[in-house]
Amino acid sequence: MIIESATVDDVAKLLAFREEAAAWLSELGSDQWRRPYPADRLLATIEAGTVFMVRDGDVTAATITLSPDAEAGLWSGEELSEPSMFVNKLTVARTHAGLDLGGRLLDWAGDRAYRSGASWLRLDAWTTNAELQRYYLRHDFEHVRTVTEGGAVNGGPRVSGWLAQRPARLDAAHGLTDRAPVPTSIRLPDISR
């Protein structure tokens, strides 16, 4: 399987991934991702070069967004002063479920974060999805805290505020053929505003 940058041609596939994941999560009793994600926000992240697709032959198997930008209101100023990369919208197609492709993507993200100069790989997960939280804990993330104040980027109250992190680290064992551009060095955000 290869991993490469998403293109504007992937928008429909990414929106379909989210719908598929939301339907599966609903079957499990979770309300995660029921609100549609704005296509214009998705397009902006693709154009910023932070969305990546895993291809298994002609099939798109998974996606991950990896960015040096944190969602507002989640991480403290002190935490934001530490070089970090943030995982978002990690989704695996149901056709590739059960292969720990998500875990391999987390390892790829940690490797890419390390190569960009980050000390931390961080994420926020759905606050009511205990199984997802356990999944991240099994993949060496440590729970930092849960934030419930604020709003979600796609409207409504904050629902994804379970914060976790693990050190960024070199990890070629993910086994993905990386065709994404070489990561650039991250710049610390200006938190003085």
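Positions are given from 1 along the sequence.
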message = For a 4.5 angstrom cut-off between non-hydrogen side-chain atoms, does Thr65 reach Val87?
response = no
key: Between OG1 on residue Thr50 and CE on residue Met85, distance to nearest 0.5 Å   = 8.5 Å
key: Closest heavy-atom pair and its distance - Gly110, Leu121   = N-CD2, 3.6 Å
inquiry  = Would you compute the distance between atom CH2 of Trp75 and atom CD of Glu82 and round it to the nearest 0.5 angstrom?
reply    = 9.5 Å
inquiry  = Please determine whether the number of non-hydrogen atoms from other residues, nucleotides or ligands lying under 6.0 Å from atom CZ of Arg179 exceeds 12.
reply    = no
ask   = Mind checking whether Leu123 and Asn88 have side chains closer than 4.5 Å, heavy atoms only?
value = no
inquiry  = Can a donor-acceptor pair be found, under 3.5 Å and without considering hydrogens, that links the side chain of Asp56 to the backbone of Val59?
reply    = no
query = Is the shortest heavy-atom distance from the side chain of Arg134 to the side chain of Leu132 under 4.5 Å?
reply = no
Min side-chain heavy-atom separation Leu105-Leu90 under 4.5 Å = yes
task = Spell out, as yes or no, whether a donor-acceptor pair under 3.5 Å connects the side chain of Asp10 to the backbone of Thr7.
result = yes
query = Could you go step by step and tell me if Thr177 and Ile3 meet the side-chain contact (heavy atoms from CB on, under 4.5 Å) rule?
reply = CA-CA 6 Å; Thr177 301; Ile3 187 164; over 6 Å; no
message = Please report the interatomic distance CZ(Arg166) to CG(Asp107), rounded to the nearest 0.5 Å.
response = 5.0 Å
message = Can you tell me how the ring of Tyr136 sits relative to the ring of Phe141, calling it parallel under 30°, perpendicular over 60° and tilted otherwise?
response = perpendicular
request  = Measure across His174 and Asp171 and return the closest heavy-atom pair with its distance rounded to 0.1 Å.
outcome  = CD2-O, 2.8 Å
Co-membership, hydrophobic cluster, residues Tyr114 and Trp120, 4.5 Å side-chain = no
key: Residue pair Ala168 / Ala118: nearest heavy atoms and the distance that separates them   = CB-O, 3.4 Å
ask   = Within a strict 4.5 Å, meaning less than it, do heavy atoms of the Phe52 and Arg112 side chains meet?
value = yes
request  = Taking the side chain as every heavy atom from C-beta outward, state whether Trp108 and Leu66 have any pair of such atoms under 4.5 Å apart.
outcome  = yes
request  = Identify whether the distance between the nearest side-chain nitrogen and carboxylate oxygen of Arg145 and Asp124 falls below 4.0 Å.
outcome  = no
query = Are any non-hydrogen side-chain atoms of Ser84 and Glu79 less than 4.5 angstrom apart?
reply = no
ask   = Would you say Val147 and Leu163 make side-chain contact, with heavy atoms under 4.5 Å?
value = yes
remark   = Distance col, row Gln133:CD vs Arg138:CZ, nearest 0.5 angstrom, shows 11.5 Å
query = Say you draw a straight line from OG1 of Thr60 to NE2 of His96; how long is it, rounded to the nearest 0.5 Å?
reply = 9.5 Å
query = Quick one: CZ on Arg55 to CD1 on Ile2, what's the gap to the nearest 0.5 Å?
reply = 7.0 Å
ask   = Are any of the side-chain nitrogens in Glu142 or Arg122 under 4.0 Å away from the carboxylate oxygens of its partner?
value = no
inquiry  = Using the rule given for side-chain contact (heavy atoms from CB on, under 4.5 Å), can you reason through Arg115 versus Leu170, listing the C-alpha separation, both sets of side-chain angles and the distance that settles it, and then say yes or no?
reply    = CA-CA 7 Å; Arg115 290 185 294 124; Leu170 284 176; 3.8 Å; yes
request  = Take Leu176 and Arg104, measure what side-chain contact (heavy atoms from CB on, under 4.5 Å) needs, and give me the verdict at the end.
outcome  = CA-CA 8 Å; Leu176 299 170; Arg104 292 171 60 195; 3.6 Å; yes
